[in-house]
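Please read the structure below before turning to the comments.
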Amino acid sequence: MAPPKEKHDHKTLKFPPSFLWGAATSAYQVEGNNVNADWWDWEQKNQPPSLRSGIACDQYNKYEQDFALIKQLNHNAHRLSIEWSRIEPREGEFNNSEIEHYLKVLKSLKELKIKVMLTLWHFTLPKWVSNIGGWENRKTINFFERFVKRVTREIAPYVDFWITINEPGVYIYQTYIRKEWPGSKGSSLGQIKTALNLASAHKKVYRYLHQTYPDKPIGMAQNVQSFQTYHKHSLVEQISVVFADFVANHLFYFLTRGTHDFLGINYYFHVRFQNSQRILPEIEDASQGYRDISDLGWEIYPEGLFDVLTDLSDGIPIYITECGIASTNDDRRNRFLITYLHEVYRAIKSGVDVRGFFYWSLVDNFEWSKGFQPRFGLVEVDYATLERRIRPSALVYTDIIAHNGIPHSLLRFIGHTVQAAEVLEKRLKEELRKKRHRPNHK
Ligand code: FCB
């Protein structure tokens, strides 16, 4: 089937030709019943029933239905992951029927002419790996490499891009610092070992894949954050920004330099450092700061996406491998898509080589320790019936895809709010002026 003709609209903010437009998911968050993963037992022990993944979206059985939606929504790419604990439930025992399953999954995307970006590790470990200490144990590097070699041999023909590992920094932060995820051990040495082992695993797997499948680009998905000071003139806040930017955004790339065919960027966070009574500044609580926030309390700050893109650009192609909003108010998702993509457009215009955007997420799903409450999906999932319902914002995204850019009709959406802000500002100024001239009655 020929691809749908691009809509002509000379006021569209055009993206580069062959830009990838898609959405992302990860196996554990959508498949359901991943009983061999470390998360599964941890949930039974530590989480109330409402926060357990259970059958999740049952995408393990409903993938064809979900992929039909992708096609209907006109996406030309999709990011998904495979679940190590299904494929190798016990050390060295590979389950062929699970490999067969993923072959069917990937083939069905290919039949729909969807470009496939496949993540090889997205946060969950087989129980037997977690029992030997997970990523703290150097052996895990070789186990992971063996798993990758075994599975890619079969699935490679149906994959266009590889992501080795997802968000090493977030994994370490949630496991060791927040201690909200399985495997929480809390030792600083463990943290360092985990970081170094994840970096080694990426490099090893990169070298293997690069040699074996030279035409399939390889990257890593990194959670990249935009940092800012609360007060412009606070030196202590400035130092915090420089330090946090290095640790969160650059350290891992530095440890793995030379092993990225592209940068995979997941963008969700804008962080402001605020000088406090303590020695170190604190992170501003966006909800207390009257910022615009998502249902998870994460600040909505599209300009930060422009900042991180321009900051990280150094000649390597960039794919935005995740970016999305948790909201039950779909109007906010419309606005999110338009304003964030507007920043991607600005970055491209200023010379950043952005080649694709994957909205998080295709469908509502299991948001780790937060359960099912956060609603990220372009498609709503009714968890009582597992029925899927396309949200209006999914159609806004489809409109953008059809134009290969942001059409004027949608841009007005931003225009309105800019105008509204201007009107508001004028009114406030006017009120202030009047106040100043009003005689004091007190
Ligand atoms: C990212 C994760 C992804 C999802 C989104 C909301 O940090 O990679 O699995 O949970 O956040």
Side-chain angles (χ1 to χ4, degrees), residues 22-32 34 37-39 42-43 47 51-53 56-57 59 78-85 117-125 135 161-178 180-183 198 202 219-226 248-249 252 263-271 286 293-301 304-305 308 319-328 332-333 336-337 340 357-381 393:
T25 60
S26 89
Y28 195 88
Q29 293 177 274
V30 293
E31 282 181 349
N34 271 309
D38 55 347
W39 267 81
W42 178 85
E43 284 163 26
Q47 298 288 78
L51 293 179
R52 296 180 192 157
S53 58
C57 314
Q59 200 188 68
H78 187 56
R79 178 181 169 217
L80 75 168
S81 76
I82 48 176
E83 178 61 36
W84 184 4
S85 65
M117 184 176 271
L118 189 81
T119 313
L120 296 163
W121 184 72
H122 198 123
F123 295 154
T124 52
L125 286 169
W135 286 110
F161 300 85
W162 307 107
I163 299 271
T164 55
I165 54 184
N166 183 67
E167 297 189 345
V170 169
Y171 178 73
I172 292 168
Y173 179 72
Q174 293 288 4
T175 309
Y176 289 91
I177 298 170
R178 299 288 299 253
E180 284 181 7
W181 285 8
L198 280 165
H202 165 81
M220 174 201 286
Q222 268 262 60
N223 185 291
V224 172
Q225 309 181 26
S226 140
N249 296 339
F252 228 81
L263 302 184
I265 285 184
N266 295 357
Y267 175 73
Y268 293 99
F269 296 109
H270 181 64
V271 174
I293 53 170
S294 75
D295 289 357
L296 279 168
W298 303 353
E299 187 180 342
I300 305 300
Y301 191 75
L305 182 52
V308 297
Y319 290 90
I320 296 159
T321 38
E322 283 181 37
C323 184
I325 178 174
S327 184
T328 47
R332 303 196 66 212
R333 199 174 340 269
F336 180 96
L337 279 164
Y340 278 63
F357 181 88
F358 293 82
Y359 176 80
W360 182 272
S361 171
L362 177 68
V363 286
D364 290 336
N365 60 66
F366 175 70
E367 179 49 27
W368 307 113
S369 53
K370 303 278 186 296
F372 293 99
Q373 206 66 32
R375 299 284 187 153
F376 276 99
L378 291 172
V379 175
E380 180 188 345
V381 175
S393 58

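Counting starts at 1 for both ligands and their atoms, following the listed order. One-based numbering along the sequence shown.
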> To the nearest 0.1 Å, how far is atom 5 (C) of ligand 1 from its closest protein heavy atom, and which atom is that?
Replying inline: Tyr268 OH, 3.3 Å
> So, for Trp42 and Trp181, is the gap between ring centers shorter than 6.0 Å?
Replying inline: no
> How about Tyr171 and Tyr176: are their ring centres within less than 6.0 Å of each other?
Replying inline: no
> Does Tyr268 have its ring centroid less than 6.0 Å away from the ring centroid of Trp360?
Replying inline: no
> Looking at Phe376, which atoms of ligand 1 are within less than 4.0 Å of one of its heavy atoms?
Replying inline: 6 (C)
> How about Glu180: does its CD atom have over 12 heavy atoms from other parts shown lying under 6.0 Å from it?
Replying inline: yes
> atom 6 (C) of ligand 1: which of Glu367, Gln174, Lys370 has the nearest heavy atom?
Replying inline: Glu367
> Hey, would you say the Tyr28 and Trp84 ring centroids sit under 6.0 Å apart?
Replying inline: no
> Any N/O of Gln29 closer than 3.5 Å to an N/O of ligand 1?
Replying inline: yes
>> Evaluate Glu322 for polar contact with ligand 1, using N/O atom pairs at a separation under 3.5 Å.
In response: yes
>> Students should be able to answer this: which protein heavy-atom is nearest to atom 7 (O) of ligand 1, and at what distance?
In response: Glu167 OE1, 2.5 Å
> Which of the atoms in ligand 1, numbered in the order shown and given with their element, are less than 4.0 Å from a heavy-atom of Asn166?
Replying inline: 8 (O)
> Between atom CZ of Phe366 and atom OG1 of Thr25, what is the distance when rounded to the nearest 0.5 Å?
Replying inline: 14.5 Å
